Amino acid sequence: MTTYLNDLYSKLEAAYDAALLSGSLIFTASETQTTTETEYNVKCEVCYAPALALKPKGITPVVESKTHEKIERVNPFLPHDPALFVANASEHHKILLNKFCIVPHHFLIVTKDFHPQTQPLSPEDLLTAWNALQALKNSHPDAIAFYNCGARSGASQPHKHLQILPITRPTPITNLVREVIQRRPGRKETRPGDHFTVPIPCIHHAVLLQDPENTPGKDAEDILVEAYIKLMDSMLMSMREYAEQEHLSEEEKDLVMAGGRASGLAYNWILTREFMMMIPRRQESTNLTKEGITLNINSLGFAGMVLAKTPEELELVKKRGVIEIVAETGFMFGKGGESRSAEEEVQKEKEQEILEKQMGGALSSL
Ligand code: B4P
C-alpha cells in the first residue's frame with residue numbers, strides 16, 4: 001500500500017477545519033429526506049440544500065476581451081487554492097477538499113497536470129481511488145468514489161478529477177447491491193469478478209470486485225483494470241446493440257453513436273470497496289416538469305442520492321421518486337439491445353423474482 005495516503009483521515013480533518021475557519025471552504029448545511037421506492041424495494045435519499053442554489057456554476061469566466069469574442073476561464077484545480085490542498089495521493093495526483101461540500105471532508109482526487117474530464121480512467125487513477133477508499137476503511141467503511149465522465153455526466157469542471165464522498169452509512173445502491181449478491185436458493189451466485197445487474201432501470205453494468213488479499217497472482221491494480229475494461233466493453237457493446245435497432249429514431253441513433261465515439265462518451269463511474277459500476281448517460285438532466293424545471297444528475301444519482309436546491313425540486317423529486325427521475329438520464333438496454341420502458345423493466349424484474357421464488361421452492365422440496 002502506498003505511503004502517500006498514510007493518516008489520510010487526520011490530514012483531511014486538519015485541512016478541512018482550517019479551510020472552513022479561513023472561509024476557503026463553504027460547507028452547506030442540508031437536510032436528507034428518505035424516499036421509499038416500493039416498486040424497486042429500495043430507500044433513496046434526497047439531499048435538500050437550498051443555499052447551493054447561490055453557488056457559482058461551473059468554470060468562472062475571468063477575463064473578457066473588449067469585443068466579447070474571447071473568454072478566458074480559470075481552472076480551479078490548476079493552480080489550486082493552497083488552503084484546499086490535503087496531500088499528494090500518488091506521483092501524479094493530489095487531494096483537494098471540495099470547496100462546495102454538503103458532506104464534511106468530501107474530497108477530490110485531481111491529476112497534477114491537466115487531463116480532460118472526458119478521458120478514460122488510467123490504471124493509476126483507479127488505484128489511487130481504491131487506495132483512498134482503503135485508507136478510510138476504518139473511519140468510513142462505506143465511502144464511495146465516483147467519476148463524472150464526459151459532457152452529459154453531470155461534471156462541471158473540465159480538469160480530470162475523481163471524487164470521494166466519505167459518508168458514514170451505506171449508500172442506497174450499496175444496500176441494494178448487498179441484497180442482490182446475497183446467496184439465495186434458485187438465484188445464481190454472484191462471485192467476486194462476476195458481472196451483475198441491479199434491479200433498477202439503467203444500471204446494467206456492475207462488477208463485484210475480487211479481494212486482492214485473497215486473489216493469488218493479481219494485485220489491486222490488476223483487479224481494478226480488469227473490472228474497468230470488462231465494464232467498458234460491455235457498456236459499449238450494449239450501446240452498439242441498442243443503436244442497431246431498426247425502430248430507433250435518427251436523433252436517438254445519433255445520440256448513442258456519439259457516445260460510442262471516445263470523444264462523445266458520457267458515463268458515470270462508481271467504486272466502493274465491494275463493487276465497480278458504469279452507467280452510460282443519454283442526457284445530463286432530468287425533466288421534472290413539462291414547463292422546464294430540470295435537475296442535473298451526476299454519479300451520486302445512480303447511487304440513489306439526488307440533490308435538490310429549491311423547494312419545487314424537492315417536492316417534484318419526492319413525488320416522482322428518485323429512481324424514475326434518475327433513470328430518465330440513462331439508457332434502458334434490454335436483451336439484444338432492445339430498449340425497455342421503466343414499467344417494462346420493473347415487470348421483467350418481478351417476473352424474474354417470481355421465477356426465482358418458484359425455483360427456490362422447487363429446490364428446497366427436493
Ligand atoms: P463535477 O464532477 O464537475 O460536478 P459535481 O460533483 O456534479 O458538482 P457541481 O460542481 O456540478 O455542483 P452541484 O451544484 O451539482 O465536480 C466538480 C467538483 O469540484 C464539485 O465537487 C465542486 O463543488 C468542486 N469545486 C468547484 N470549484 C472548486 C474549487 N475552486 N476548489 C475545489 N473544489 C471545487 O453539487 C454541489 C456539491 O454537492 C458538489 O460537490 C457535488 O459533488 C455535491 N453533491 C451533489 N449531489 C450530492 C448528494 N446527493 N449528496 C452529497 N453531495 C452531493
Side-chain angles (χ1 to χ4, degrees), residues 12 15-16 19-20 22-35 44-60 62 73-86 94-111 116-119 121 129 140 142-169 171-173 266-270 281 284-286 294-310 313-314 317 322 325-326 329:
L12 278 171
Y16 180 86
L20 196 61
S22 68
S24 296
L25 180 145
I26 301 154
F27 168 77
T28 303
S30 62
E31 179 196 321
T32 299
Q33 301 198 10
T34 307
T35 64
C44 289
E45 293 181 12
V46 194
C47 181
Y48 179 47
L52 270 182
L54 309 172
K55 169 181 155 282
K57 275 202 165 183
I59 42 183
T60 329
V62 280
R73 298 169 186 275
V74 280
N75 174 352
F77 306 145
L78 199 63
H80 60 261
D81 177 349
L84 299 174
F85 179 81
V86 178
K94 57 191 176 186
I95 292 185
L96 301 181
L97 292 167
N98 174 1
K99 186 174 180 66
F100 303 103
C101 60
I102 50 182
V103 169
H105 310 120
H106 178 165
F107 64 93
L108 315 175
I109 297 176
V110 180
T111 53
Q117 187 75 359
T118 46
Q119 240 182 26
L121 293 173
H140 300 84
D142 289 308
I144 179 170
F146 60 99
Y147 181 53
N148 302 322
C149 182
R152 300 179 301 281
S153 67
S156 64
Q157 298 297 340
H159 180 132
K160 196 180 208 185
H161 61 282
L162 293 83
Q163 306 195 39
I164 307 255
L165 197 67
I167 40 173
T168 49
R169 58 188 184 280
T171 65
I173 197 71
Y267 62 93
N268 293 123
W269 172 88
I270 292 177
R281 294 288 299 271
E284 179 162 36
S285 49
T286 188
T294 60
L295 190 72
N296 265 23
I297 302 294
N298 71 10
S299 298
L300 291 175
F302 290 94
M305 302 162 73
V306 297
L307 181 62
K309 299 178 186 171
T310 65
E313 287 175 359
L314 177 66
V317 173
V322 170
I325 60 146
V326 168
T329 68

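Note that the structure is a prediction, hence the values are computed from the model and not measured. Order of listing sets the numbers, starting from 1, for every ligand and every atom in it.
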Trainee: Check L165, L25, I167 against H106 for a side chain to side chain contact (heavy atoms under 4.5 Å, CB included) and give me the one that passes.
Mentor: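 Only match with H106 under side chain to side chain contact (heavy atoms under 4.5 Å, CB included): L165.
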Trainee: Contact between Y48 and T32 at the side-chain level, heavy atoms closer than 4.5 Å - yes or no?
Mentor: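 SC-SC contact between Y48 and T32 ruled out.
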Trainee: As a check for students: among T32, T28, L307, N298, identify the option with a heavy atom nearest to atom 5 (P) of ligand 1.
Mentor: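 Selected option, by shortest heavy-atom distance: N298.
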Trainee: For ligand 1, is any non-hydrogen atom under 4.0 Å from H106's backbone (N, CA, C, O), its side chain (CB onward), both, or neither?
Mentor: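 For H106, the contact with ligand 1 is made by the side chain alone.
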Trainee: Within the structure, is a non-hydrogen atom of H161 found at a distance of less than 4.0 Å from ligand 1?
Mentor: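 It does, in that a heavy atom of H161 comes within the 4.0 Å cut-off of ligand 1.
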Trainee: Examine ligand 1 and decide if any of its atoms is less than 4.0 Å from a heavy atom belonging to G154.
Mentor: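 It does; at least one heavy atom falls under 4.0 Å.
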Trainee: If you take the nearest heavy atom of each of I102, N98, V74, which one is closest to atom 40 (O) of ligand 1?
Mentor: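 Going through I102, N98, V74 one by one, N98 has the nearest heavy atom to atom 40 (O) of ligand 1.
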Trainee: Do T286 and V326 have side-chain heavy atoms sitting under 4.5 Å apart?
Mentor: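 When only atoms from C-beta onward are counted, V326 and T286 do not touch, as no gap falls below 4.5 Å.
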Trainee: Which of the atoms in ligand 1, numbered in the order shown and given with their element, are less than 4.0 Å from a heavy-atom of S156?
Mentor: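 Answer, ordered by atom number: 1 (P), 3 (O), 4 (O), 9 (P), 10 (O), 11 (O), 17 (C).
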Trainee: Does any non-hydrogen side-chain atom of Q157 lie less than 4.5 Å from one of P76?
Mentor: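 Yes, their side chains come closer than 4.5 Å.
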Trainee: Heavy-atom contacts with F77 under 4.0 Å: which atoms of ligand 1 show up? List them by number with element.
Mentor: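 In order of number, 19 (O), 32 (C), 33 (N), 34 (C).
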Trainee: If you measure from each non-hydrogen atom of L108 to ligand 1, which part falls under 4.0 Å: side chain, backbone, both or neither?
Mentor: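 It is the side chain that touches ligand 1; the backbone stays farther off.
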Trainee: Checking contacts here: is it the side chain or the backbone of L97 that comes within 4.0 Å of ligand 1, counting heavy atoms only? Could be both or neither.
Mentor: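 The answer is the backbone.
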Trainee: Is Y147 near ligand 1, meaning one of its heavy atoms is under 4.0 Å from it?
Mentor: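 Distance cut 4.0 Å: Y147 fails for ligand 1.
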Trainee: Any idea how F85 and H80 line up, ring-wise: parallel (<30°), tilted (30 to 60°), or perpendicular (>60°)?
Mentor: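 Ring orientation, 0 to 90° scale: parallel.
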Trainee: For L52, counting its heavy atoms only, list the atoms of ligand 1 lying under 4.0 Å from any of them.
Mentor: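 Counting atoms of ligand 1 from 1, those under 4.0 Å from L52 are 36 (C).
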Trainee: Is the closest heavy atom of K309 to ligand 1 under 4.0 Å?
Mentor: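 Contact present.
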Trainee: Which option wins on minimum heavy-atom distance to atom 34 (C) of ligand 1: K99, H80, Q117?
Mentor: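 When every heavy atom of K99, H80, Q117 is considered, K99 comes closest to atom 34 (C) of ligand 1.
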Trainee: If the cut-off is 4.0 Å to any non-hydrogen atom of V306, which atoms of ligand 1 fall inside it?
Mentor: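 Ligand 1 atoms under the 4.0 Å threshold to V306: 49 (N).
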Trainee: Are side-chain heavy atoms of Q117 and C149 found at a separation under 4.5 Å?
Mentor: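 No; the side chains remain at least 4.5 Å from each other.
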Trainee: Is it true that D81 lies under 4.0 Å from ligand 1, counting heavy atoms only?
Mentor: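 Distance cut 4.0 Å: D81 fails for ligand 1.
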Trainee: Once you restrict to heavy atoms under 4.0 Å, what part of L96 touches ligand 1? Side chain, backbone, both or neither.
Mentor: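 None of L96 does.
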Trainee: Show which atoms of ligand 1 fall inside a sub-4.0 Å distance from at least one heavy-atom site of M305.
Mentor: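 In order of number, 49 (N), 50 (N).
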